Q: 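First, the structure itself, so that you have it in front of you.
Here is how names work: the chains are called A, B, and so on, in the same order as the sequence lines, proteins then strands, and each is numbered from 1. All values reported here derive from a predicted model rather than from experimental measurement.
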Amino acid sequence: MTVRTRFAPSPTGSLHVGGARTAIFNWLFARHAGGQFILRIEDTDRTRSTEESIQEITDAMEWLGLDWDEGPFRQSDRLDIYQKIANELLESGHAYKCYVTSEELEEKRKEAQSKGDVLRYKREWAKLNEAPDEPYVIRLQTPDEGTIEVQDSLRGTVTFDAVEVDDFVILKRDGFPTYNFAVVVDDATMNITHVIRGDDHLINTPRQVLIYNALSYDIPKMAHVSMILGADNKRLSKRHGATSVVAYKDKGYLPEAIINFLSRLGWSHGDQEIFTKTELIEKFTLDNVGKSAAVFNEEKVEWLNSWYIKNEPPEKIAGLVLPLLKEKGLDVELDEKLIKIVIELSQRAKTLNDIADMIGYFYAEEIKYDEKAANKFLTPEILPILQDITDRLSQLSDFNMDEMHKIFDQVMEERELKLGKIAQPVRVALTGGTVSPGIFEVMDILGKDEVIKRLNSAISVIPDEEVSNET
RNA sequence: GGCCCCUUCGUCUAGCCUGGCCUAGGACGUAGCCCUCUCAAGGCUAAAACACGGGUUCGAAUCCCGUAGGGGCUACCA
């Protein structure tokens with residue numbers, strides 16, 4: 001039997017990193033086994049499901065490179081199936097119609113709560129079948145005693161007391177199935193062999209086991225993975241800042257980094273930290289999945305992202321940065337210059353956006369000097385040195401880094417200065433600030449004409465001697 | 001409250017199943033040093049954990065029991 005896994009998000013928002021991790025595990029498991037990965041949209045909550053969410057989720061999955069073999073199926077398209085099966089359950093006596101309204105139940109629930117009890121609906125009220133014209137829900141008739149066992153690949157056998165499980169609704173008043181019912185029907189009819197999902201569903205599983213049994217379906221292998229928590233150890237939510245996959249995309253993260261990071265949350269392979277997708281597929285097994293909850297570590301994703309920015313081919317990074325530059329209104333091409341810049345800036349960037357933010361001076365028509373930097377380094381004392389360097393550089397016929405180095409060495413020697421004394425003013429002249437890649441690299445990227453032009457501009461703004469102290 | 005799950009450095013984790021090799025390893029982050037034209041990157045080093053209490057055993061992070069703490073669920077949400 002070929003392995004079939006699924007990812008079944010509910011479209012009530014964009015793809016969450018927790019959901020993404022579940023998707024990744026399922027995808028990895030299927031790919032590792034050479035099986036299929038199915039995408040199913042659980043949109044049975046009519047009030048919360050939205051069309052935009054579906055789009056956002058599939059977009060995010062595509063961006064991550066999690067391709068699915070079947071789907072996206074929508075539960076809302078399968079209503080007739082659930083209704084048919086619910087009716088079969090009705091006929092076989094496993095389920096019954098219930099006319100009690102949610103309002104009535106809510107009241108009972110409050111009443112029980114005030115007494116310190118928990119309301120467990122076990123068909124103890126009338127109105128079950130008494131009003132054939134009234135709207136009703138269908139409930140599963142659950143056992144009153146005994147235990148229900150759940151076999152979990154990660155946690156072993158988990159035993160629940162049958163009294164804990166009430167006669168839960170499988171088909172709502174509006175004809176939509178409830179989560180537990182739809183999941184079972186879908187997983188069974190879609191021939192899902194392995195269900196890998198969040199820990200929060202473990203408690204639902206005995207209910208689902210009951211449905212599987214009532215329908216005489218085979219129960220797939222279950223694995224409940226622990227949840228991802230925020231830094232405060234609480235379930236990860238919007239309060240923790242960026243939690244959606246798109247938010248990371250927008251911040252300039254690479255899908256490789258997100259996949260790598262999320263895979264390592266709850267799963268490991270010895271001491272290895274960096275994994276290509278191929279390696280993940282090759283190495284991923286449930287055996288190496290841990291049982292405890294994992295805190296989402298912002299610094300570590302950032303580190304991974306900066307690692308990928310440094311190690312992915314610069315052409316690729318340049319291609320990804322290009323649209324960001326266009327957005328900034330820069331007239332840039334994906335050419336050799338951009339690639340050279342990316343090689344330098346990627347050493348200093350944590351995100352693609354960082355590169356876009358740092359790149360400005362390479363393409364600026366006019367350099368804007370940082371005030372502090374200019375005051376400190378573009379001074380009358382430095383003027384002769386800048387002039388000297390400019391003269392010598394302009395005489396270079398072959399403007400390469402070796403030659404530039406020689407010139408700087410000569411100036412250093414003649415004037416008995418350290419490189420830092422010369423490089424900083426030149427840096428300010430060329431970039432406007434005190435932070436940049438190596439000065440020779442910057443000159444190499446800018447090219448002779450631009451370097452000379454910028455040096456001359458800088459020289460022109462340096463006040464003559466200490467006489468005048470304005471402009 | 002009830003039920004279920006979980007518990008190794010601040011965080012992600014290795015080790016646990018199949019007790020001794022653990023003086024508990026790696027990574028992020030933090031600190032220091034080196035490199036150095038700035039900023040980074042890189043290299044090296046350091047501080048940092050077996051939740052607690054009982055067993056079992058010659059020997060326990062590893063097995064058992066209890067306690068504490070954390071998380072989840074408790075819907076005609078998923």
Q: Sort out the partner of B:C9 for me: Watson-Crick or G-U wobble, both distances under 3.5 Å, none otherwise.
A: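 Check on B:C9: unpaired, no WC or wobble geometry under 3.5 Å.
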Q: Has A:Arg109 got a side-chain N or O lying under 4.0 Å from the OP1 or OP2 atom of B:C76?
A: yes
Q: Does any N or O donor sit under 3.5 Å from an N or O acceptor when you compare the side chain of A:Asp199 with the base of B:G72?
A: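 Check fails, no donor-acceptor contact within cut-off.
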Q: With a distance cut-off below 6.0 Å to the six-membered ring centre and an angular limit of 45° from the axis, does A:Arg264 pair with A:Phe261 as a cation-pi contact?
A: no
Q: Using the C1' atom as the reference point in each nucleotide, state the distance between B:C5 and B:A47 in Å, no decimals.
A: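 Looking at atom C1' only, B:C5 and B:A47 are 34 Å apart.
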Q: Regarding A:Val295, tell me which of base, sugar-phosphate or nothing describes its non-hydrogen contacts under 4.0 Å with the strands shown.
A: sugar-phosphate
Q: Any donor and acceptor pair, going by atom type alone, linking the side chain of A:Thr390 with main-chain N or O of A:Ile452 inside 3.5 Å?
A: no
Q: Would A:His194 and A:Phe25 count as a close aromatic pair, with their ring centres under 6.0 Å?
A: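 Not close enough - the centres of the two rings lie 6.0 Å or further apart.
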Q: Are OP1 or OP2 of B:U38 and a side-chain N or O of A:Lys421 less than 4.0 angstrom apart?
A: no
Q: Need one value for A:Thr47: base, sugar-phosphate or nothing, where a base atom within 4.0 Å counts as base even if backbone is also close, heavy atoms only.
A: nothing
Q: Can you check whether A:Glu56 reaches A:Leu15 side chain to side chain, under 4.5 Å on heavy atoms?
A: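 When only atoms from C-beta onward are counted, A:Leu15 and A:Glu56 do not touch, as no gap falls below 4.5 Å.
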Q: Could you tell me how far apart A:Phe168 (CZ) and B:C3 (P) are, to the nearest whole angstrom?
A: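 The distance from CZ of A:Phe168 to P of B:C3 comes to 20 Å, rounded to the nearest Å.
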Q: Is the phosphate of B:A78, meaning OP1 or OP2, less than 4.0 Å from a side-chain N or O of A:Thr44?
A: yes
Q: Check every strand shown and say whether A:Gly420 touches a base, only sugar-phosphate, or nothing at a heavy-atom separation below 4.0 Å.
A: sugar-phosphate
Q: If you look at every strand shown and take non-hydrogen atoms under 4.0 Å, does A:Ile439 touch a base, only sugar-phosphate, or nothing?
A: base
Q: Please measure how far the C1' atom in B:G53 lies from the corresponding atom in B:A61, and state the result in whole Å.
A: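 Nearest-Å result for B:G53 against B:A61 at atom C1': 16 Å.
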Q: Roughly how many Å apart are B:A27 and B:A41, using the P atom of each and rounding to a whole number?
A: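 16 Å, rounded to whole Å.
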Q: With RNA chain B as reference, determine whether A:Arg155 or A:Trp307 sits nearer its 5' end, using the nearest nucleotide of each.
A: A:Arg155
Q: Looking at B:U67, which nucleotide sits across from it as a Watson-Crick or G-U wobble partner, both distances under 3.5 angstrom, or is there none?
A: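 Across any shown strand, B:U67 pairs with B:A51.
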Q: Any N or O donor-acceptor pair linking the side chain of A:Asp200 to the base of B:A78 at under 3.5 Å?
A: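 Absent.
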Q: Taking atom P of B:A24 as reference, at what distance in whole Å does atom CG of A:Asp271 sit?
A: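 Value for this atom pair: 15 Å.
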Q: Taking NE2 from A:His201 and P from B:C73, how many angstroms apart are they, rounded to a whole number?
A: 9 Å
Q: Just call it for A:Phe440: base, sugar-phosphate, or nothing, with non-hydrogen atoms closer than 4.0 Å on any strand.
A: base
Q: Answer yes if the ring centres of A:Phe284 and A:Trp267 are under 6.0 angstrom apart, and no otherwise.
A: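 For A:Phe284 and A:Trp267, the ring centres are under 6.0 Å apart.
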Q: Indicate, yes or no, whether a donor-acceptor pair under 3.5 Å links the base of B:C12 to the side chain of A:Lys300.
A: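 Under the 3.5 Å cut-off, the side chain and the base do form a donor-acceptor pair.
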Q: Pick the C1' atom in B:G25 and in B:G42, then give their distance to the nearest Å.
A: 23 Å
Q: With ring centroids as reference points, do A:Phe168 and A:Phe181 lie under 6.0 angstrom apart?
A: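 Centroid distance A:Phe168-A:Phe181: not below 6.0 Å, so no.
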Q: Taking only side-chain N and O atoms of A:Arg235, does any of them lie within less than 4.0 angstrom of OP1 or OP2 on B:C73?
A: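 Indeed, a polar side-chain atom of A:Arg235 lies that close.
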Q: So if I take every side-chain heavy atom of A:Asn233 and compare against B:A78, B:G10, B:G70, which nucleotide ends up nearest?
A: B:G70
Q: Using a 4.0 Å heavy-atom cut-off, does A:Ser292 contact any base of the nucleic acid, only the sugar-phosphate backbone, or nothing at all?
A: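 Sugar-phosphate only.
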Q: Rounding to the closest angstrom, what is the interatomic distance between B:G54 and B:U18 at atom P?
A: 26 Å
Q: Quick one: is A:Lys172 getting a side-chain N or O under 4.0 Å of the B:C77 phosphate, OP1 or OP2?
A: yes
Q: Phosphate oxygens OP1/OP2 of B:A14: is one of them under 4.0 Å from a side-chain N or O of A:Ser268?
A: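 Answer yes for this pair, as a side-chain N or O of A:Ser268 is under 4.0 Å from OP1 or OP2.
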Q: Classify the nucleic acid contact of A:Thr434 as base, sugar-phosphate or nothing, counting any heavy atom under 4.0 Å across all strands shown.
A: base
Q: Expressed in angstrom and rounded to an integer, what is the separation of A:Lys291 atom NZ from B:U13 atom C1'?
A: 15 Å
Q: From C-beta outward on A:Leu265, which listed nucleotide comes closest to its side chain: B:C12, B:C37, B:C76?
A: B:C12
Q: Without decimals, in angstroms, what is the distance between A:Gln75 CD and B:C77 P?
A: 13 Å
Q: Find which nucleotide of RNA chain B each of A:Asn180 and A:Ala423 is nearest to by heavy atoms, and output the residue with the more 5' nucleotide.
A: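 This one resolves to A:Ala423.
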Q: Does the separation of the ring centres of A:Phe440 and A:Phe408 fall below 6.0 angstrom?
A: yes
Q: Mind checking who B:C3 pairs with, Watson-Crick or G-U wobble, both distances under 3.5 Å?
A: B:G72
Q: Would you indicate what A:Glu273 reaches in the nucleic acid, counting non-hydrogen atoms under 4.0 angstrom: base, sugar-phosphate, or nothing?
A: base
